[in-house]
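One structure below.
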Amino acid sequence: MAKRPLMSGNWKMYMNTQSALELVKALKGNCADVEDRDILVFVPFTLLAPVVNELKGSNIWVGAQNMYFEKEGAFTGEISPAHLLDIGVEWVLLGHSERRHVFGETNDLINKKIKSALASNLKPVLCVGELLEERENGKIEEVLKTQTKGGFKDLTKDEAKKVVIAYEPVWAIGTGKTASPEDADEAHKIIRKILEQMYDKEVADNMRILYGGSVKPDNVDGLMAKPNVDGSLVGGASLKADGFTRIVKFQ
Ligand code: 13P
């Protein structure tokens, strides 16, 4: 862990107004003393406004879990960067494995969304990660290369520096099977190597790369101890105030 850690939660399609406000009120209190790391929650669209409002002036940032790349137009059912900015959202999660595998998002679409987020001054977190079958067939590097190159396509060095990457091996998401700290560190190293080839060592070394996939209070310390792991993206365990607080306060 070399950089300022970014500890983030992805609520996915869970929570309602009441449970969300209870959760963020508790987190706000529990984490008020946290100064040496960043905290971020990715919240369902309908809960963004109340959560942003509740967390105003706190040390917890709020992000959306997706967005469309166009500013506005006849795109029924979509949410634009302007919608997010309008209610004070500053971060957006893009290319999550569920977006890729359940909703068929391609690297090309994700790249358009990254560019659009950056053009709007939203901070994107780009998710990458291999399927179990790809890992078993020795394709980790190939998959990470395709997804990283795809996501960062045509981004300048200055733009690339504004992106955060989350490595989430698909087989570890929601399965209780966490990548070992060594596996996570190794994958993050591969991503840095790809970034160094695309840009340079400065971009590669300074990129914040989060690990996600069954991060829990009892395994976060080992993961965060690794030199290439700069934070976590937590699903299930981010829905409970005490558990997520313990994750944020990893030792
Ligand atoms: P879990 O922590 O529930 O495995 O989910 C990980 C994830 O997908 C976070 O984006």
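What you see is a predicted model, and the numbers here were worked out from it, not measured in a lab. All ligand and atom numbering here is 1-based and tracks the order in the structure.
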Co-members of the apolar cluster containing Val170 [side chain, <4.5 Å]: Leu131
Should the ring pair Phe152 and Tyr199 be called parallel, tilted or perpendicular, given that the plane angle runs from 0 to 90° and is split at 30 and 60? perpendicular
Give every donor-acceptor pair under 3.5 Å between a side-chain atom in residues 120-129 and any protein atom, sequence neighbours left out.
residue	atom	partner	partner atom	Å
Ser120	OG	Ser116	O	2.9

Looking at CD1 of Ile173 and NE2 of His96, how far apart are the two atoms once the value is rounded to the nearest 0.5 Å? 4.5 Å
Ligand 1: which protein N/O atoms lie under 3.5 Å from its N/O atoms?
residue	atom	partner	partner atom	Å
ligand 1	2 (O)	Ser214	N	3.4
ligand 1	2 (O)	Gly235	N	2.9
ligand 1	3 (O)	Gly236	N	2.9
ligand 1	4 (O)	Gly174	N	2.6
ligand 1	4 (O)	Ser214	N	2.8
ligand 1	5 (O)	Lys12	NZ	3.3
ligand 1	8 (O)	Lys12	NZ	2.9
ligand 1	8 (O)	His96	NE2	2.8
ligand 1	8 (O)	Glu168	OE1	3.4
ligand 1	10 (O)	Asn10	ND2	3.0
ligand 1	10 (O)	His96	NE2	2.8
ligand 1	10 (O)	Glu168	OE1	3.1
ligand 1	10 (O)	Glu168	OE2	2.9

Near Lys240 NZ, under 6.0 Å, is it more than 12 heavy atoms from other residues, nucleotides or ligands? no
Going by atom type alone, with no hydrogens or angles, which donor-acceptor pairs under 3.5 Å involve a side-chain atom of residues 38-49 and a protein atom two or more places apart or on another chain?
residue	atom	partner	partner atom	Å
Asp38	OD1	Arg4	NE	2.8
Asp38	OD1	Arg4	NH2	3.0
Asp38	OD2	Arg4	NE	3.3
Asp38	OD2	Arg208	NH1	2.9
Asp38	OD2	Arg208	NH2	3.3

